[in-house]
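Down below is the structure, laid out as C-alpha cells.
Proteins get letters first, then strands, A, B, ... in listed order; numbering begins at 1 in each.
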Amino acid sequence: MSGIFASMIDGLLIGAVYGLAAMGLSLIWGVMDVINLTHGATIALGMFGMYILFSAFPVNAYLLLIPIIAAGLLLGLLIYWISVHWVIDRPQLASLLSTFAVNMMIIGIGTAIWSTSPYNVNFTLPGITVGAYTFTGNHMAAASAAVIIALALELFLYRTRMGKAIRAVADNREAAELMGVSSTMVLALAFAIGISLAASSGALVSTLFPFTILSGASYQMKSFVVTVLAGLGRPFGALVAGVLLGLLEGAVTPFIAVSWIPLIEFGLFVVVLVLFPRGIFGRATA
Amino acid sequence: MMPLLEVSGITKRFGGLLAVSDVGFTVGEREILGLIGPNGAGKTTLFNLVNGVIKPDKGTVKFCGQDITSHPPNEVVHLGLARTHQIVKPLHGMSVLENVIVGACFGRDYLHLRPARKVAMEVLERVNLADHSDKAASSLTIAGKKRLEVARALAANPKLLLLDEVLAGLNPTEIEYMIGIVRGIRDSGISVFMIEHVMQAIMSLSDRLVVLSFGQKLAEGTPLEVARDPQVIEAYLGDPDIATKLKEKN
Amino acid sequence: MILRHPVLYIILAFAAIMVWLPLHGNNVSLREDLILVAIAVILASNLNLMIGYTGYVNFGHIVFYGLGGYIGLYLAAEKGWNLVLAALLAGVGVSLFALVLGLGILRLRGAYFALATIGILVAVQSFVANFDPWGRSTGLYVSFDAYEKLGGARHALWVTYFLVIAVMALSMILSLGIKMSKFGLGLFAIREDEGAAVVLGVNTTVYKAIIYSVSAFLPAVAGALMFYKNGMIDPSIAFEFMLSLEGIVMLMLGGKGTVIGAALGGGLYEKLRSYLLTSPKLSNFHLVIAGGLLLVVVLFAPGGLIGWLYKAVPRSRKVLE
Amino acid sequence: MKRLVLTIFVLSTLFVTAGFAQNLTVGFTVSKTGALNVDSLEQYRGFELWRDQVNAAGGIKAGGKNYKIQFVSYDDESNTKRVQQLYSRMVLQDNADFLFSPYSSSLTATAAIVTEQYGKIMLTTGAAEGKTYTLGNHYLFQMFTPGAEYLKGTLDALKAKDPKATIALVYEDASFSVAVVNPAKAYAQQLGLNVVFTEAYAPNTTDFSAIIDKVIASKAAVLLGGGHYADGSTLAKQLYEHKVPLKMITLLVAPDSDKWTELGDSAVGVMVPSQWEPQTAFKAQYGLSGADFAKAYTAKYNAPPSYESAGGYACGLVLQRAIEQAGGPDTAKVAAALNATDITTFYGRTKFSTAANEHGLQIGHAMVLAQWQKDKSGLVKQVVWPLAAKSANLVYPIH
C-alpha cells in the first residue's frame, strides 16, 4: 500500500471526528445565528467525561458515549439558559461574548480540577494491518461512531416532529412562531443537541490521543474551518466537509512538513470566507 | 439642454428573475419625476441601480453627462445624487444632528465638521426637526425618521434627490407637511425622482411619471397622459384600489 | 479643538502618574506591574477603534502585537538597529500588512469577519512557527549585552518603560483625536449601519481598511518594545489567542466606543488578573472570575463601566465625550 | 575599658554568628501543571531532597555562619510567559538570593533573561540547550551536558551494531530538541550513517499518525528524536500501535521517567540519553554517594530517581559548595567560586566554561545511554553505552 493512500485513510478516519465536532457548531449557528464559543470547552468536557466514566467503569469506551450524549444534552440546556437565552435577540456580538465568558469559566473550573496536564484513556481495540501500515481499532471505532451519531441526527431532523420544528425555526424563526412552534423550546433543544454533539466528539477524541483541559481549543478551530467550508446550518454537510478536510490533510502531509498544516488550513479558511461566504457547498446567494 | 440623469437600457437579473429589464428614462433640471408601479415591479431595484448599490447587468446611467454606471454609492453622492430609503435607516446610536452632519460631511461638498454642523442645523430647520437635534435618532417617531432621511440626503447638497416612499406610513397631516417639504426642495433648484404609492400625492407633485411593471417600463408621460394609458390601467387592474384612483383622476 | 477637550488632560495626567509612581522611590517591582497595565491599555484602546468605533469584532488583534514584536526584536537584536527606530519600522510594516489584509477581509461583515480574524491569527502563528529566519517554534532571543546600548539592562528596562507609557498616552490621544474627527464620524456611521453609511457618501471600503491599519500601528510598536524588554519572543507567546480575547473582555468591561472606557477596562482588568494570578487561593479561579465578570457585563451592563457612569451621572457624558 | 569593648564586640559577633542561623532564599518555578509536569516534578524533588538534607545538617556553613535554605517557588504552568513574570517577582518581591532554573531549555532561556537583567546567579538544570550561554551572560551556570552530546552515544552504538541502518529524525520543534538534533544530524553524516527522514513536529502535538505514515514510507529502521515526556510517550505509544518495524528507538527525556513503565509493551526497548543513572558509579569527592542518593530519594518519594532528580540535587550541591568556598552568599564571590568549580559528585564531574563567548556552559559532565529491557521482574532501565559503564548489553533490534 502506498504512503499517500494510508495517509488519506488516516485522514478520513480522523476527519469524521472533526466533522462530528463541527456538526454541533454548525447546528447552533444555523438555527439561532449564535457562534457558540463554549464549543471548545464542551469538547474538552467530553474528553474528561470519558476519562471519568472510563476510570469508574472500564468497559468498552464506546458504550460510554451514551451517558455522555445524555449529560451533554443537560449541559447544553444549562449553558443555553446561562449564556444564550437572555441575549438571543441582541446583536450577534452579545452572544459571542456571553458564550466566550462561559467558555472561560468552564476552562477555569476545569483547570482548577484537572490542571493543564495531559490525561489518557487507556482503552485499545485491535487494529487492522495492510502491508506496512496499521490502522488502529480506536480510529476506526471513533470514525464509525461519529458517522452513526451523524446519521441519527439527520434522521431526527428530517423524520421527527421536533426535528422538523428545529429546521423550521432555522429557516425563519418568525414564521415558525406564527405557525405555533415554541421557539424558546426549540432553540434550547437545538443548542442542547449542539453541545451534546461537541461533547461526544470530545469523548471520541479522548480515546485516540492524550488530552488536556485546553485541548478543545484546537478542535474548536477545526470546527470553524469545517463549518465555513460546509456552509452554515447544514449539519450533515459539516460531517462531509470534516471528512474532506481530513482527506486533504492526509493527501498533503506526505509532501510537506506536518507543521505547515495549520497555515494551509486556515489560509484556505480565510480565502473561502472571503470568496464564498456561504460555504463551498453552501446554497447559492439570493 | 442636457438632462440631469439619463438612464438607458438598464437591466438586472436575480437568478431566474428579471428584476429590471431594458428600462430607460431621463430626469431634467428642476423636474419632479415620479416612479409608480405595483408592488414588486422593481422600483427600489431601479433606485439601487441608479445610485450604484447594485450593479446592472446591462445598460448605462449618466449623471450630468458623466457615465456613473456601477460607480459605488459613495462616489455617486459626491457627484450630487443623494437618496432616501423606503425602510428608514437612521444611525440609531447617534443623535439626530450627528445623522445629518454625516450627510453634510460626506456629501457633494465634502465639508469639514464645523461647516457641516452649520449646514446640518439649517437643513433640520427646513424639515422642522431642529428641536429634536440632540435626541437619539432611534427615539424619533416614524414621521420624524422619514424627515430625518430627507434631511440627511438634503445635507449632501444634491443636484438630484431620489426619494423612496417618503410618504408611506404617514397620517394625512404629516403627508401634507412632507409634500410641502418636497415642493420646497424642488423650488430650491433640486430635481427630484421619487417612488410613491400615495397616488393623489404623486399625481399632484410630479411633472412627469414613469410606470414600471414586472421590471419593464410600461408608460412615461405627464400624470394625465399616464392615467389615460390603457396598458397602465390594465396593469393596475390587478390592484383595483389604484385602478379606481387612476380612473377618478380621469 | 482637541486641546480644549478635558479628556486630553485626563490622559496626560494619567500618563504623568504612571511615570511618577515607580520613579518615586525607584520601585522596580511596581514598574513591572504598571508596564503590564500600560500594555493592556494600549491593546484595549486600539481594539476599541475596530470594535467600539467601527463595529467590527477583531478576535485576532494580538497578531499585530506579536508581529510587531518579531519585527522589532529581529531588527533591534539581530540587526543591531536603534530600538526606537526598530519599533517604529515594526509599526509601519505591520500597518501596511494590515492595510493589504484589510482590503481583502473587510468585505466580510459581522461574525464572518470575526471568524476570519481568528483564521488569520492561526495562519500567521503557523507561518512564523515555520519561518527559519525568525527561529521557528523556538523564537528569537536578545543577547544579554544588547542592552548595553541603552546603558545596561537596569537602565534599558526604565527606558522601555517610559517608551511604553508614551505609546499608551499616544494610543489614547489617537482614540480621542479620531473620535473628534470627520474620519471618526464616518466610522461611527459604518458601525451604526454600513449600508446607510455608503449611501450617505462614506467610502466604507477605504475607511475600514484605514482604521484596521491604524489600529495595528501602536500595538505593533508596543509589541516591539515589550518583547525587546522581555528579551525573547516565540510564536506561542507572541500570538496568544487568550490575550486577544482578554482584550475584548477589557473593552466590554470599561465600555466600548469610549476613550476612557477602553483605558479603564484595560487597566482594571490587568490589575485584577495579576492580583488573582498571584493570590495563592484564587490563582486557579482567575479565569472563572474574569469569565463571570464578562458574563455579568454582557448580560446586564452592555455599556460597561462608562455606560453605567453615564446613566448614573448624565452630566459626566458631556465632559467625557 | 578597651578590654571591655573588645570583649563585648567579640561576644556579640559570636552571638550573632553562632546563635542565629540565617536564611538563604533560593527561588525557582516548577511546572506543576502543563505539558512539562512529569519531568519538572522529578527535578523539583531533587531540589527538595537537597534542601531537607542541608537543613537537617544545620544549614550551609560558610564564613563561620550557618545558612538555612528556604525555597520560594511558583507554578509556571509550563508556560514561558509565566516564567518571566514569576522570576521577576522572585527577584524583586521575594528577594531571592539565588535562583535555580525551571525545567526545560525554553523556559530556562526565558528565565535567564530576567536573572541576567537583575544580575542574579542562576544554576540551570533540566536545560541542555547551549545557545543561551553564548548570548553574553555573567551569572548562568549549566549542570546538564549540552544538547550536542545527547545522541552521540546512540549514533556510536548504531555505528558499531548496524552501520547500514537508515535513520529517521522525528523531534519536537522546541529549543532543547532542536539543539540536540541539528548536531546529531551532522555527527551521523560524519560517521557515514544514512539519515533518510527528518521532521520537526509542533510542541503539544498529540496526533502523530501523519508523521508515522511518513516514517513507514521512508523505510527507516531507526527512529531518533522526541522532546519531553508528554509528546515522547505519545509518540512511542502510537509507533507501537501502528506496528512500525523499527529496530531501534531513542527518545529524548521521556523514557528516563519512572512513569515510562505505564506504557506497557510500547515502552520495551526504547532508549534514552541520560545525564545520570543509578548504575553509574562515580566516586564522589563532595557530598553523598550515588547509592545513598538513590536510597534517600526512593525512601522519600517511593520511586527511583530519574536524571532530572539527580540534576536537581546536584544543582543544590554545587551551589552549596560554592557558597562554602566563597565564605558567604555574596553574589560576586559565589560567582567566582562557581567559575572555579571543578568537582566530581555522585552526579559526575561538573566544570563550567569561563570563556567569554560561552560562559557557564557545562564542559565537565558526560552522558550515558540507557535502554528499557524486559527481565524476570519486569521492565528495567539498563545502561548500555558507553561500553565501559554498561550494566547490560544493548538489545538490537528491539523485536
What part of C:Ser181 lies closer than 4.5 angstrom to a heavy atom of chain B: side chain, backbone, both or neither?
-> backbone
Is the distance between the ring centroids of C:Tyr212 and C:Tyr207 less than 6.0 Å?
-> no
Ring centroid separation for B:Phe193 and B:Phe47, is it under 6.0 angstrom?
-> yes
Does any heavy atom of chain C fall under 4.5 Å from the side chain of B:Val102, the backbone, both, or neither of them?
-> both
If you measure from the Lys or Arg side-chain nitrogens to the Asp or Glu carboxylate oxygens, is any gap between B:Asp67 and B:Lys62 under 4.0 Å?
-> no
Are B:Glu149 and B:Lys89 ion-paired here, with the side-chain N under 4.0 Å from a carboxylate O?
-> no
Could you check which of B:Gly103, B:Gly52, B:Cys105 has the highest count of heavy-atom pairs closer than 4.5 Å to chain C?
-> B:Cys105
Heaviest contributor of heavy-atom pairs below 4.5 Å to chain C, chosen from B:Glu75, B:Met94, B:Arg83, is B:Met94
Tell me whether the guanidinium CZ or amine NZ of C:Lys256 lies under 6.0 angstrom from the six-membered ring centre of C:Tyr53 and within 45° of its axis.
-> no
Toward chain C, the part of B:His85 with a non-hydrogen atom under 4.5 Å = side chain
B:Leu111 versus chain C, heavy atoms under 4.5 Å apart: side chain, backbone, both or neither?
-> backbone
